[in-house]
Amino acid sequence: MPELPEVEAVCGAAHRALQGRRIVSAHVLRRRICAPQSPAQLNRAVAGRRFQAVERRGKNILVHLEGVTVWIHLRMTGTLYAVASPPLCPPSASAYFVLDDGRALVFDDSRGLGVLRAATREGVAGLLGPIGLDALSPDFTSERFIALAGSTRAAMKNFLMDQRRVAGLGNIYAAEALHRAGIDPRRPALQVSRMRLVRLHAAIVRLLEEATDSARRAYRRPGGFSEGEWFRAAVYGREGLPCPRCRRPIRRTLQGGRSTYFCPGCQH
DNA sequence: CTGCCCCTGTAA
DNA sequence: TTACAGGGGCAG
């Protein structure tokens with residue numbers, strides 16, 4: 001589920017739940033999600049610590065406590081929400097943190113692919129690895145975007161999804177942004193003109209801002225994102241349906257083993 | 001670069 | 001029963 005907008009909404013929820021709180025204990029229900037750390041190690045690292053701030057970098061969530069940071073990546077199906085404590089966790093819960101106000105923050109993840117780890121502030125960089133510019137940060141300018149594209153031989157969509165270059169775009173928004181900008185996802189980044197990259201950069205920022213806005217609203221409804229449609233895709237998941245701009249049927253193809261949706265009529 | 005893996009759920 | 005799913009790491 002989560003790309004940048006959803007992660008941003010989840011961060012907001014985590015912030016609201018943790019504001020002014022102390023972590024009483026951490027409970028990892030699937031030990032592989034924190035490996036090579038053990039659940040006991042993780043609990044020892046965070047128990048008793050006061051919450052400071054939540055930070056998002058691309059799709060990574062950093063929960064800063066006094067002296068320790070918890071790194072969370074939701075991967076495909078993860079989410080965070082607060083519940084009453086002792087927590088009534090669904091079977092799909094990967095972990096939960098008991099808070100000092102009688103509530104708990106649950107890391108729910110039906111596929112269990114999400115990860116969780118504790119680190120010192122200095123250790124965080126090592127966990128995240130090489131990560132590019134966050135797509136919603138002020139540093140993500142069209143100039144820097146053009147420079148990044150200019151040094152990439154890969155196809156545009158793969159370039160957009162490469163978190164080492166631009167952090168935050170996933171399969172849906174990469175496809176949607178390229179459609180808005182009228183660029184063929186298969187075209188090598190290297191050969192897209194400056195003008196079109198400027199247009200794409202603007203499309204990315206606007207798209208993510210819009211989506212973040214509605215993700216925040218959708219998340220506050222009971223049931224969260226899953227409850228009905230909150231984002232209207234123009235191409236993603238719409239193979240065979242008419243393009244909203246030119247009415248040609250949307251096509252689906254594979255790039256890097258993942259589905260790409262685009263309109264052959266208005267993306268070149 | 002491709003293909004496979006992690007895992008569970010859902011739909012064709 | 002198979003294919004596919006919004007992510008990412010790894011081996012070849």
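Just so we're on the same page: letters track the sequence lines, and every chain starts at 1.
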Strictly below 4.0 Å: does [X] bring a side-chain N or O up to OP1 or OP2 of [N]?
| X | N | value |
| --- | --- | --- |
| A:S92 | B:dT8 | no |
| A:R111 | B:dC6 | no |
| A:R75 | C:dG6 | no |
| A:H73 | C:dG8 | yes |
| A:K59 | C:dG8 | yes |

Expressed in angstrom and rounded to an integer, what is the separation of [X] atom [atom1] from [N] atom [atom2]?
| X | N | atom1 | atom2 | answer |
| --- | --- | --- | --- | --- |
| A:R31 | B:dC6 | CZ | P | 18 Å |
| A:R117 | C:dG8 | CZ | P | 14 Å |
| A:K157 | C:dG6 | NZ | C1' | 11 Å |
| A:L254 | C:dG6 | CG | P | 11 Å |
| A:L74 | C:dG7 | CG | C1' | 10 Å |
| A:D109 | B:dC6 | CG | P | 16 Å |
| A:L160 | C:dG8 | CG | P | 14 Å |
| A:R164 | C:dG8 | CZ | P | 11 Å |

Notebook entry, point to check: Is the gap between the ring centers of A:Y173 and A:F231 under 6.0 Å?
Noted result: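 When the ring centroids of A:Y173 and A:F231 are compared, they turn out to be within the sub-6.0 Å range.
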Check: Nearest heavy-atom pair of A:A119 and A:V124: which atoms, and what distance?
Finding: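 Looking at all heavy atoms of both residues, the shortest contact is CB-N, 4.1 Å.
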Item checked: Nucleotide forming a Watson-Crick or wobble pair with C:dG6, both distances under 3.5 Å ->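 Pair assignment: C:dG6 / none.
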Next item on the list: Any strand is fair game: report the nucleotide pairing with B:dC7 by Watson-Crick or G-U wobble, both distances under 3.5 Å, or none.
Entry: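 Base partner found: none.
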Check: Which nucleotide, C:dG7, B:dG9, B:dC1, lies nearest any side-chain atom of A:S110?
Finding: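 That would be B:dG9.
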Check: A:R30 side chain: which of C:dG8, B:dT8, C:dG7 is closest?
Finding: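 The answer is B:dT8.
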Nearest-angstrom distance, [atom1] atom, [N] to [M]:
| N | M | atom1 | result |
| --- | --- | --- | --- |
| B:dT10 | C:dG8 | P | 23 Å |
| B:dC1 | C:dA5 | C1' | 23 Å |
| B:dC6 | C:dT1 | C1' | 22 Å |

Notebook entry, point to check: Below 3.5 Å, does any donor atom in the side chain of A:E6 face an acceptor in the base of C:dG6, or the other way round?
Noted result: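 In this structure, the two groups form a donor-acceptor pair.
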Note to self: With hydrogens left out and only the distance checked, is there a donor-acceptor pair under 3.5 Å joining A:R258's side chain and the base of C:dA5?
What the structure shows: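 No.
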Next item on the list: Using a strict cut-off of less than 4.0 Å between a Lys/Arg side-chain nitrogen and an Asp/Glu carboxylate oxygen, indicate whether A:E210 and A:R232 qualify as a salt bridge.
Entry: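 No, A:E210 and A:R232 are not salt-bridged.
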Item checked: Charged N-O contact under 4.0 Å between A:R56 and A:D134 ->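 Judged by the 4.0 Å cut-off on N to carboxylate O distance, A:R56 and A:D134 do form a salt bridge.
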Next item on the list: Examine distances only and state if a side-chain atom of A:D109 and a backbone atom of A:L113 form a donor-acceptor pair shorter than 3.5 Å.
Entry: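 A pair under 3.5 Å: yes.
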Next item on the list: Mind checking A:G112 for me? I need base, sugar-phosphate or nothing, with any heavy atom below 4.0 Å counting as a touch.
Entry: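 Since no nucleic acid heavy atom lies under 4.0 Å of A:G112, the category is nothing.
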Next item on the list: Taking atom types as modelled, find out whether A:H179 and A:Q267 have a side-chain donor-acceptor pair closer than 3.5 angstrom.
Entry: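 Short answer, no.
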